[in-house]
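To keep things clear, I will list the structure first and then write my remarks on it.
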Amino acid sequence: MRDLPVFFKKELLETWRTYRFLILAVVFLVFALMSPLIAKLTPEIMKMSFGKTIGIKIPAPTSVDSWTQFYKNIAQMGIYVVAIMFGGTMSQEMSKGTLVNLVTKGLPRWTVIGAKYLVLLCQWLVVTTGAFLVTWGYTAYYFPDSKSPDVFAAFVPLLIFGVFFLAVILFGSTMARNNYGGLLFTILIMAVLYMINLFKQAQNYNPVSLIGDNMAILQDTKDLAKLAPAITIAVVAALVLVAGSVAVLNKKSLK
Amino acid sequence: MSDILTLEHVQKSFGTKHVLQDLSFSIPRGSIFGFVGENGAGKTTTMRLILGLGKADAGTILVNGDKVRFGETKTNRITGYLPDVPAFYDYMTPAEYLRLCADIAAVPNANEKIDQMLQLVGLKNDKHRIHGFSRGMRQRLGIAQALLNDPQLLICDEPTSALDPAGRAEFLDLLYSLKDKVTVLFSTHILSDVERISDWVGILHDGRVQACDTLANLHASYGHRQVVMTFATTAEAQKCAELFQGTQHEEAVTLTYHGEYAPMMKSTLQKLLAANLTPVSLRKADPTLDQIFMEVIKK
């Protein structure tokens, strides 16, 4: 157990000195700043683009538009930026041989997976919460309406999705020989989950619903409790994937 | 002297290639053990098995009496390892890297030890990151991390292959200075390095240790004692080679002998005089490890 904080500290230093955290924070901050702004400016942009030729009346933007932009940005771009940034978290250690010196000093292999996962979770928590708070503040400033009653409840599934998604990245990276292998595995899992989501009866059990139903929860048209099976499956799957990563690493010959 | 490392009937294959077949040898405590073999003979594989980084197909490896198990780290607590190309976290300074290693190995008085190790290998404790280090500097940092936990067994994989002659000499002196304090197992194909510092030598060939003994005993068992004579002309050298069944190379003739040097030389000189042959130079040639190695792998 003594080695876990040691490797955790090393991971924190790595994510800071290799600018991974900084890049991720900037990307998520851009999403946070752009979401309310795009919602605010979209009617103006459409007016400028089409003038009076547009036949329909463009409704005034609301807080719902701002949050729609936010969750769309995270689900369609943010998580893939995370996958690209961290796809090599384990495969790079193994291909470069950086674990050899440490394992031969007595570092248990499970602490490598444990510390990496904890640091990934910390980063996810910081960047998503930071982005959420910035979006919340700007949305409240631009759109002081009451159309988004459950702002916090809608954010919870996104946080929990991260728990699952980071475990997928870690497992893929542990199995893969290079960054691309880990990334491919993550994309494949996401593709499978999106296909499963085509079946309506599976939706409340599917972890991918945690980044798909946020707007319904935000507007109080869906209860967070309905996603309880998906939340449970995401957390259990994350634990299984982390344990699986340890098992895979234990079987690997280090070079 | 008890053995710090024992390998018994170790086997390892990669697919259909049998790299190690029934590999058995021991290393006496306190010795400097030169582990030699051709490229691809299985030296690195053997070291990785000793460190538990790879899994043996069969056989037993004991470090200080404890069985090495793949993936476990118990026996690693008393070993230090210098890989052939040591890999570090380039964003760290050498002191930060050694601190990480010290924390993992639970080195007491880590700060003092880190300063001591950096001084020993000639690296500065400053803000320069490993990213800009040359191969030689990386090798020096590698030896610092390997010695950081005061290992009882130091394993070095081809430690001198990347160093220039001055760096090589420096590194070998450093290894030799550890004699009697640390048992050193180092692999190489530079046999002159082994001759320079080793007291024990193991020769790996065809997946087995074909010879494993002290350097002196290997010389006695496999080394041929020789005399090299040089003549003024090739014709004289040829005549001499025919007379003694020696090996001729241009003006030089090499004679292999058994028994004592003095009586052999007396009789040789008498025969030379009788044949009217006068060498311009004559020297006794001790067998080199290269010759012993070739002799061992020929068998």
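Reminder, nothing fancy here: chain letters follow the sequence lines and each chain counts from 1. Just the heavy atoms: all of them, side chains too, but no hydrogens, waters or symmetry mates, feed the values below.
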**Asked** When only pairs under 4.5 Å are counted, which of B:Asp103, B:Ile155, B:Leu148, B:Asn76 shares the most heavy-atom pairs with chain A?
**Response** B:Asn76
**Prompt:** Of the backbone (N, CA, C, O) and the side chain (C-beta and beyond), which part of A:Asn250 lies under 4.5 Å from a heavy atom of chain B, both, or neither?
**Reply:** backbone
**Prompt:** Under 4.0 Å between a Lys/Arg side-chain N and an Asp/Glu carboxylate O for B:Glu96 and A:Lys10?
**Reply:** no
**Prompt:** Can we say B:Asp90 and B:Arg129 salt-bridge, meaning some charged N sits less than 4.0 Å from an Asp/Glu carboxylate O?
**Reply:** no
**Fill in**
The interface call for B:Ala102 against chain A, heavy-atom contacts under 4.5 Å, is neither
**Request:** Would you mind reporting whether A:Leu210 and A:Leu158 have side-chain heavy atoms less than 4.5 Å apart?
**Result:** no
**Message:** Does A:Tyr205 have more than 12 heavy atoms from other residues, nucleotides or ligands lying within 6.0 Å of its OH?
**Reply:** no
**Interface moiety of A:Thr18 toward chain B, non-hydrogen atoms closer than 4.5 Å** = side chain
**Complete:** Looking only at A:Val100, A:Asn101, A:Leu249, A:Leu13, most heavy-atom pairs under 4.5 Å shared with chain B are made by A:Asn101
**Request:** With ring pair (Phe, Tyr, Trp, His ring centres under 6.0 Å) as the test, would you mind laying out the steps for B:Phe25 and B:Phe35 before giving the verdict?
**Result:** CA-CA 11 Å; B:Phe25 68 96; B:Phe35 193 39; 5.3 Å; yes
**Asked** Just one of B:Asp3, B:Thr183, B:Asn64 clears the side chain to side chain donor-acceptor pair (under 3.5 Å) bar with B:Arg29, so which one?
**Response** B:Asn64
**Message:** Less than 4.5 Å to any heavy atom of chain B: does that hold for the side chain of A:Glu93, its backbone, both, or neither?
**Reply:** side chain
**Asked** Between A:Lys252, A:Lys9, A:Lys96, A:Arg2, which shows the greatest number of heavy-atom pairs under 4.5 Å with chain B?
**Response** A:Arg2
